[in-house]
Amino acid sequence: MVSRAAIVLLIGLVGMFYQGTQLPPPNNSDSSDDGVPVSPPRVRLRDGRYLAYREKGVPKDQAKHSIIIVHGFGSSKDMNFLAPQELIDELGIYILQYDRAGYGESDPNPKRSLKSEALDIEELADLLQIGSKFYLIGVSMGSYATWSCLNYIPNRLAGVAMIAPVINYLWPSFPESLIKEDYRRKLIKWSMWFANYFPRLLYWWVTQKWLPSNSVIEKNPAFFNKRDIDILETIPGFPMLTKNKLREQVVFDTLRGDWMVAFGNWEFDPLKLSNPFPDNRSSAHIWQGYEDKVVPSQIQRFVTQKLPWIQYHEVPDGGHLIVHYSGLCEAILKALLLGEENLSYRPRPEVFVS
């Protein structure tokens, strides 16, 4: 049997990949004037599933830039993206956030795959008529859908940004010397085996009372750096990863399926993708915390060394929750839409791993 320490570490890692996509505190935007809850708008896809979505920013028929934001593990369309309203109005930004399949109020997709994530995004954009091209921002594990769009629908993308993007250790272009001693690789490999062959036992384990609460995980310096822990004092935490939510079969199945697609065998190698934005007509970006304890910065640096058409930005004292850091979302939008580089996020001079 696997030790209790390994189980605790696995749950902690799950929490990390949920990362900076926590839900905001409840507000009145989801209720009518008389307090009656209002269901969010949804669209019906070709296969009959519904996707729930949320629109922000300027009206889409007046927008100069349309952006789809892809939430991470355990999150929803209501994730925080702290862009200043003044900047949104000034640049004419329309923002579309949606519940990925099985999350929030979107229907599950029992056939979830890398390709289905990209096609859901494309069909959502078409149904809402946001234009032939749009920008895409993927957060943490939501970045695997962004990689998928770069592979399957590059012609629809005006530009992309990935914030603390997930790393799949099965990507064939990773040299063994780079990932051999990384404990996260071994842990993910074990968790994938467990989720694939013993899902019922995994379900029993993650709902047991003797496992640590999220509050313990959230304060653990093994997973978060100091800035992350300070951020966790101001945000709700990991509501979808509570034992009560995990006892809901649809929640457990969605999280398990999402995890297995993200860390399973991909149909393509991201590190061999061609530049979808030739002649510098658009741009691609990765934003990473140097002190990220979930996704090592040296691996992200290797990724952008292999893909020099992706611009690499690094938060010097940043952990995995950088999307919550003051000023970062503004810098992301200016780099993505205007090509403006904030020198504060230029990576420190270190030699890339080869």
Are [X] and [Y] close enough for a salt bridge, meaning some N to O gap below 4.0 Å?
{"X": "E267", "Y": "K115", "result": "no"}
{"X": "E123", "Y": "R44", "result": "no"}
{"X": "R42", "Y": "D107", "result": "yes"}
{"X": "E341", "Y": "R346", "result": "yes"}
{"X": "E291", "Y": "R227", "result": "no"}
{"X": "R100", "Y": "D258", "result": "yes"}

Original post:
Can you tell me how far the CH2 atom of W309 sits from the OG atom of S274, to the nearest 0.5 Å?
Top reply: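 Answer for the CH2-OG pair, W309 versus S274, is 8.5 Å.
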**OP:** Taking D89 for its side chain and V58 for its backbone only, find out whether a donor-acceptor pair lies under 3.5 Å.
**Re:**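 Answer holds: no.
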Subject >> Short side-chain to backbone donor-acceptor contact, S75 and G72, under 3.5 Å >> reply: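 Judged by distance alone, no pair lies under 3.5 Å.
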**OP:** Using the ring of F134 (Phe, Tyr or Trp, six-membered ring only), decide whether R156 places NZ or CZ under 6.0 Å from its centre and within 45 degrees of its axis.
**Re:**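 No.
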**OP:** Determine which pairs satisfy salt bridge (charged side-chain N to carboxylate O under 4.0 Å, His left out) with at least one residue from residues 133-151, sequence neighbours left out, and list them in order.
**Re:**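 For residues 133-151: none.
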**OP:** Give every residue pair that meets the side chain to side chain donor-acceptor pair (under 3.5 Å) criterion with at least one member in residues 161-173, sequence neighbours excluded.
**Re:**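 Pairs touching residues 161-173 that pass the test: Y169-D182, S173-D269.
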Original post:
Under the side-chain contact (heavy atoms from CB on, under 4.5 Å) test, which residues partner S344, sequence neighbours left out?
Top reply: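 Partners of S344 by the side-chain contact (heavy atoms from CB on, under 4.5 Å) criterion, ordered by chain and then number, come out as N342.
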Ignoring hydrogens and angles, state whether a donor on the side chain of [X] or [Y] is under 3.5 Å from an acceptor on the partner side chain.
{"X": "Y325", "Y": "D228", "answer": "yes"}
{"X": "Y94", "Y": "E55", "answer": "yes"}
{"X": "Y312", "Y": "E314", "answer": "yes"}

Original post:
Any chance CD of E340 has more than 12 other-residue heavy atoms, nucleotides or ligands included, within less than 6.0 Å?
Top reply: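 Enclosed: over 12 neighbouring heavy atoms sit under 6.0 Å from CD of E340.
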Should [X] and [Y] be regarded as members of a common hydrophobic cluster, given that ILVMFWY residues are connected when their side-chain heavy atoms come within less than 4.5 Å of each other, either directly or indirectly?
{"X": "L338", "Y": "I163", "result": "yes"}
{"X": "L51", "Y": "I153", "result": "yes"}
{"X": "W266", "Y": "M260", "result": "yes"}

**OP:** Please say which of K111, R112, R49 ends up in a salt bridge (charged side-chain N to carboxylate O under 4.0 Å, His left out) with D120.
**Re:**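 With D120 as partner, salt bridge (charged side-chain N to carboxylate O under 4.0 Å, His left out) holds for just one option, R49.
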